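Residue numbers begin at 1 in each chain, while the letters A, B, ... track the order of the sequences. Quick caveat: nothing in here was measured; it's all calculated off a predicted structure.
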2 protein chains.
Amino acid sequence: MDGNSKDMLKLDNQLCFALYACSKEIISLYKPYLNSHGLTYTQYITLLVLWEQDSLSVSELGNKLLLDSGTLTPLLKKLEKSQLIERVRDKDDERIVKVYLTEKGRMLQESFLELPQKMFCNSGIKLEEAINLKTMLNRLLGNIRKL
Amino acid sequence: MDGNSKDMLKLDNQLCFALYACSKEIISLYKPYLNSHGLTYTQYITLLVLWEQDSLSVSELGNKLLLDSGTLTPLLKKLEKSQLIERVRDKDDERIVKVYLTEKGRMLQESFLELPQKMFCNSGIKLEEAINLKTMLNRLLGNIRKL
DNA sequence: TCATATTGCATTGTGTACAATATGATTGTA
DNA sequence: TACAATCATATTGTACACAATGCAATATGA
């Protein structure tokens, strides 16, 4: 991040591009494994949330995942088609669609228990560094979201 | 990054999700400004590269941007339609398409000279932190790409 | 010259983001 | 209680990003 405006326009000097590239490349590391289970990355993180806490509405999922309902609706329909979840419109408030794991969806967690560890080893960075990086990212994320 | 496998499957413990979310959110900060110039983020970083070095082939651009030609071709056609670049098939090797900035494309750089600074201020993090973060991301990116 | 591999771009299909819309719930007011 | 206005939620449509495949041009070697 040196001197003048033109330098800051260089691709290599842009924090945003580093984030953009890193995110894409890491996700592409996940892909082979996820695809072998018929999942995209976004579907995977949706399941992550449901494995933590079942029975969430579309918007609650969206809040946790930072995803729009317009993104989630087709995604959830696919997960439902694969019989990993069920979408049930709430009786009391018919605007709300609640999402439940099926037995098959719950069982699937077993296949992924070792994945984070495996991915971390692939990344070739130290644990301390990873924690440090994640902390900084979360702080940055917090700042951005307040705007 | 604590204890057991199930904990590591929690969304909040995933470095990858922090990257994914941060990248998306920061890009969404760029969007209003980019859109007002009729550009997407990907088109913007493509111009960043061309402003640094004009007259690159599609694959050379792809290498710098970590983008596939399948992503670049339609993108470049749009930039050509907006008369910001020209795509010229190489005389000596007709497989190669070279990309040149037009005068209009070169001039456009002026409009973006202050953008990185503005974005950085919005992010609410310290310069030292940003440098630190970018360094770590680039190292991580380097590790990943060797796989 | 023929066969094979490589390289580079284009095309197609899938996934995601965003804006516009529809519909159900809530609140305030008479 | 009834009604209008507002708000909340999900869906649909459109455009973009990306991956996979196919095709054309070139290079290499038999």
Side-chain angles (χ1 to χ4, degrees), chain A residues 16-17 19-47 56-82 85-99, chain B residues 17 20-21 23-32 34-46 56-82 85 87-99:
Chain A
C16 182
F17 178 71
L19 279 166
Y20 170 74
C22 242
S23 167
K24 277 198 314 175
E25 293 298 313
I26 289 199
I27 288 176
S28 79
L29 288 186
Y30 275 82
K31 266 175 192 167
Y33 193 74
L34 296 180
N35 289 351
S36 77
H37 289 273
L39 294 176
T40 65
Y41 180 72
T42 326
Q43 290 170 0
Y44 169 63
I45 59 177
T46 304
L47 289 174
L56 293 168
S57 72
V58 174
S59 61
E60 285 171 331
L61 277 169
N63 285 336
K64 286 178 186 284
L65 296 166
L66 272 47
L67 291 174
D68 190 87
S69 63
T71 303
L72 279 173
T73 297
L75 184 154
L76 293 171
K77 283 186 177 174
K78 265 162 213 155
L79 287 178
E80 188 173 40
K81 211 169 190 176
S82 330
I85 64 162
E86 273 183 320
R87 294 160 63 248
V88 183
R89 198 164 281 276
D90 193 289
K91 282 286 192 306
D92 297 332
D93 185 342
E94 294 216 338
R95 295 171 306 178
I96 297 175
V97 170
K98 286 216 168 185
V99 180
Chain B
F17 178 71
Y20 170 74
S23 167
K24 276 198 315 175
E25 294 298 313
I26 290 199
I27 288 177
S28 79
L29 287 186
Y30 276 81
K31 265 174 192 169
L34 296 180
N35 289 351
S36 78
H37 289 273
L39 295 175
T40 65
Y41 181 72
T42 328
Q43 290 169 359
Y44 169 63
I45 58 177
T46 303
L56 293 168
S57 71
V58 174
S59 61
E60 286 170 330
L61 276 170
N63 284 337
K64 286 177 185 285
L65 295 166
L66 272 48
L67 291 175
D68 189 87
S69 64
T71 302
L72 279 174
T73 297
L75 184 153
L76 293 172
K77 284 184 177 174
K78 265 160 216 156
L79 288 178
E80 188 173 40
K81 211 168 190 178
S82 332
I85 63 161
R87 295 160 62 248
V88 184
R89 198 165 282 278
D90 193 287
K91 282 286 193 305
D92 298 332
D93 185 343
E94 294 216 339
R95 297 171 304 177
I96 296 174
V97 171
K98 288 217 168 185
V99 180

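- Of the nucleotides present, C:dT1 is the one that pairs with D:dA30 by Watson-Crick or G-U wobble criteria, both distances under 3.5 Å.
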Please evaluate residues A:T42 and B:Y20 with respect to the criterion side-chain contact (heavy atoms from CB on, under 4.5 Å), reporting the C-alpha separation (whole Å), side-chain torsions for both, the decisive distance (0.1 Å), and the verdict.
CA-CA 10 Å; A:T42 326; B:Y20 170 74; 4.0 Å; yes
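- Between A:K78 and A:K91, the residue anchored closer to the 5' end of DNA chain C is A:K78, taking for each the nucleotide with the nearest heavy atom.
- Between A:L76 and A:L61 there is a side-chain heavy-atom pair separated by less than 4.5 Å.
- Summarising the geometry of A:E94 relative to A:R89, their closest heavy-atom pair is O-NH1, 2.6 Å, with the distance given to 0.1 Å.
- Residue contacts for B:K77: at a heavy-atom cut-off of 4.0 Å it reaches the sugar-phosphate backbone alone, with no base atom in range.
- Distance, A:Y44 OH to C:dT16 P: 15 Å, rounded to whole Å.
- Side chain of A:K78 to backbone of A:Q43: no donor-acceptor contact under 3.5 angstrom is found.
- Look at CG on B:L72: it is 16 Å from P on D:dA20, rounded to the nearest Å.
- Regarding contacts with the backbone of C:dA10, a side-chain N or O of B:R87 is found under 4.0 angstrom from either OP1 or OP2.
- Between B:D90 and B:D93, the shortest heavy-atom contact is OD1-N, 3.2 Å.
- Using a 4.0 Å heavy-atom distance criterion, B:T40 is classed as a sugar-phosphate-only contact.
- Rounded to whole angstrom, the span from the CG atom of B:L76 across to the C1' atom of D:dC16 amounts to 14 Å.
- As the counterpart of D:dA8, C:dT23 is assigned, both hydrogen-bonding distances of the Watson-Crick or G-U wobble pattern falling under 3.5 Å.
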Close N or O pairs between protein and nucleotides 17-20 of chain C (under 3.5 Å):
| unit_1 | atom_1 | unit_2 | atom_2 | d |
| --- | --- | --- | --- | --- |
| C:dA17 | OP1 | B:K24 | NZ | 3.3 |
| C:dA17 | OP2 | A:T71 | OG1 | 3.0 |
| C:dC18 | OP1 | B:K31 | NZ | 3.0 |

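- Across every non-hydrogen atom of A:L47 and A:L39, the tightest pair is CD1-CD1, 3.8 Å.
- Nucleotides of DNA chain D nearest to A:I96 and A:P74 differ in position, and the one nearer the 5' end is that of A:I96.
- Following rounding to the nearest Å, B:R89 (CZ) and C:dA10 (P) show an atom-to-atom distance of 5 Å.
- For B:L29 against B:P32, the heavy-atom pair with the smallest separation is O-CD, 3.3 Å.
- Residue B:R95 places no side-chain atom within donor-acceptor reach of the base of D:dT26, judged by atom type and a 3.5 Å distance cut-off alone.
- The aromatic rings of B:Y41 and B:Y30 lie perpendicular to each other, with more than 60° between the two planes, well past the 30° mark.
- Between B:T73 and C:dC9, a side-chain N or O to OP1/OP2 separation shorter than 4.0 Å is absent.
- Rounded to whole angstrom, the span from the CG atom of B:D93 across to the P atom of D:dA24 amounts to 16 Å.
- One atom, NZ of A:K81, and another, C1' of C:dT14, lie 13 Å apart when rounded to the nearest Å.
- The distance between atom NZ of B:K98 and atom C1' of C:dC9, rounded to the nearest whole Å, is 15 Å.
- Within 4.0 Å (heavy atoms only), A:D90 reaches no atom of the nucleic acid at all.
- Rounded to an integer number of Å, the gap from CD of A:E60 to C1' of D:dA10 is 14 Å.
- For the pair A:S59 and D:dA10, the criterion of a side-chain N or O lying under 4.0 Å from OP1 or OP2 is met.
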